[in-house]
Amino acid sequence: MSKFRLKKSTIGRIRLRVVRAGFRAAEVIAPAIGSKVAASLWFKTPRQPPAVAVPDGGVAFEVESMGSIVRGTHWGSGPVVYLLHGWGGRGDQLASFVEPLRATGHRVVMFDALSHGSSEPGPSGPGRAHAVEFGRALDDVAARFGPARAVVAHSMGSVPVLLALRDGWIGVDRLVFISPMNDLATYFDRFGATVGFGPRIRRGLDDQTRRRTGYPVDEFELPRLMAELDERPPTLFVHDRGDRETSHAASAAVAEGMAGASMLSTDGLGHNRILRNAEVVDAAVRYVRAAADPDGREYAA
């Protein structure tokens, strides 16, 4: 979830050395405290990106989720397509998908997850969130607008979509996962290597994650969640080969081993610019449209 980064400046390097020294000491003398600090850092949302202009004609809405207000916008009418941003993102990052989907007869619903964008903080508190809060927000927005023709999700947003599907929300015809996160454990490993904690704090961080989210770390795995769905919707994976945030190879492996999956690989678009690429948007829209024409020619990435 967290993209733990320190600026590559003199101050950043000094801070990183201090953080590493603290975690090395905590690993030996106070791993429980170290794991709480690690969790506090991990579940902190990064600085939000600037707002992006969205198409005219949208209608703002609010729904309550977990005692807080989720804010979003919807356009058009017809079968519903939900757009879900990733960790540290905001709904309008997917603004390029709105007009093409609306033009093909869909109602497009975009929202900010709790503690993101214009939505209120959730149970984790200001500036903190996790994937389960994303999934609950999606559940509550879907309760307002109805079952989905499709969900288009970016990055970490793919995991809460699958949690919501597995744990009670049904009726999705197709999924489009763009630059999806494959599993949480890999990111915990990277996090530990960056800030310098060892296996004792790592075990504590796993425990902290279960306490905060209600799920063990190994449940935040895209292949596992896919396998546990009673009905697995056809899914299009879109991933750039040069993505430095999430793994193209992992997406390709899941798509290859999953019946009904398609894979679209790109080059030179990275993790976020891929959301604004016209060919990617067109591929996603064609994939969503194919759900309405099961007897027609199947989409091929």
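Numbers here simply count residues along the sequence, with the first being 1.
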ask   = Any link between Val109 and Val52 through a network of hydrophobic side chains (Ile, Leu, Val, Met, Phe, Trp, Tyr) touching at under 4.5 Å?
value = no

ask   = Counting heavy atoms not belonging to Arg241, are there more than 12 under 6.0 Å from its CZ?
value = yes

task = Return the minimal non-hydrogen interatomic distance between Phe145 and Val80, and the atom names on each side.
result = O-CG2, 3.5 Å

ask   = Could you give all pairs that pass the side chain to side chain donor-acceptor pair (under 3.5 Å) test and reach residues 18-41, with sequence neighbours left out?
value = Ser40-Arg128

ask   = Is a donor on one side and an acceptor on the other found under 3.5 Å between the side chain of Ser119 and the backbone of Asp112?
value = yes

ask   = In terms of heavy-atom contacts, does CD of Glu279 have more than 12 from other residues, nucleotides or ligands at under 6.0 Å?
value = no

inquiry  = Please check: side-chain N/O of Thr73 versus main-chain N/O of Met110, any donor-acceptor pairing under 3.5 Å?
reply    = no

key: Ile69 CD1: over 12 foreign heavy atoms closer than 6.0 Å   = yes

ask   = Just by distance, do the side chain of Thr235 and the backbone of Pro233 share a donor-acceptor pair under 3.5 Å?
value = yes

query = Can you tell which of Leu175, Asp230, Leu225 makes a side chain to side chain contact (heavy atoms under 4.5 Å, CB included) with Leu165?
reply = Leu175

key: Geometric class of the Phe191/Trp42 ring pair [parallel <30°, tilted 30-60°, perpendicular >60°]   = tilted

query = Partners of Asp140 by salt bridge (charged side-chain N to carboxylate O under 4.0 Å, His left out), sequence neighbours excluded?
reply = none

request  = Anything under 30° is parallel, anything over 60° is perpendicular, the rest tilted; go ahead and classify His154 against His271.
outcome  = tilted

inquiry  = Using 30° and 60° as the class boundaries, would you call the ring planes of His85 and His116 parallel, tilted or perpendicular?
reply    = tilted

Ring centres under 6.0 angstrom apart (Tyr82, Phe111) = no

query = Within 45° of the axis and under 6.0 Å from the centre of the six-membered ring of Phe188, does NZ or CZ of Arg202 qualify?
reply = no

note = One should read off an interatomic distance between Phe220 CZ and Thr186 OG1, to the nearest 0.5 angstrom, of 14.5 Å

query = Between Glu133 and Ser124, is any side-chain donor less than 3.5 angstrom from a side-chain acceptor?
reply = yes

ask   = Does atom CG of Asp267 have more than 12 heavy-atom neighbours from other groups under 6.0 Å away?
value = yes

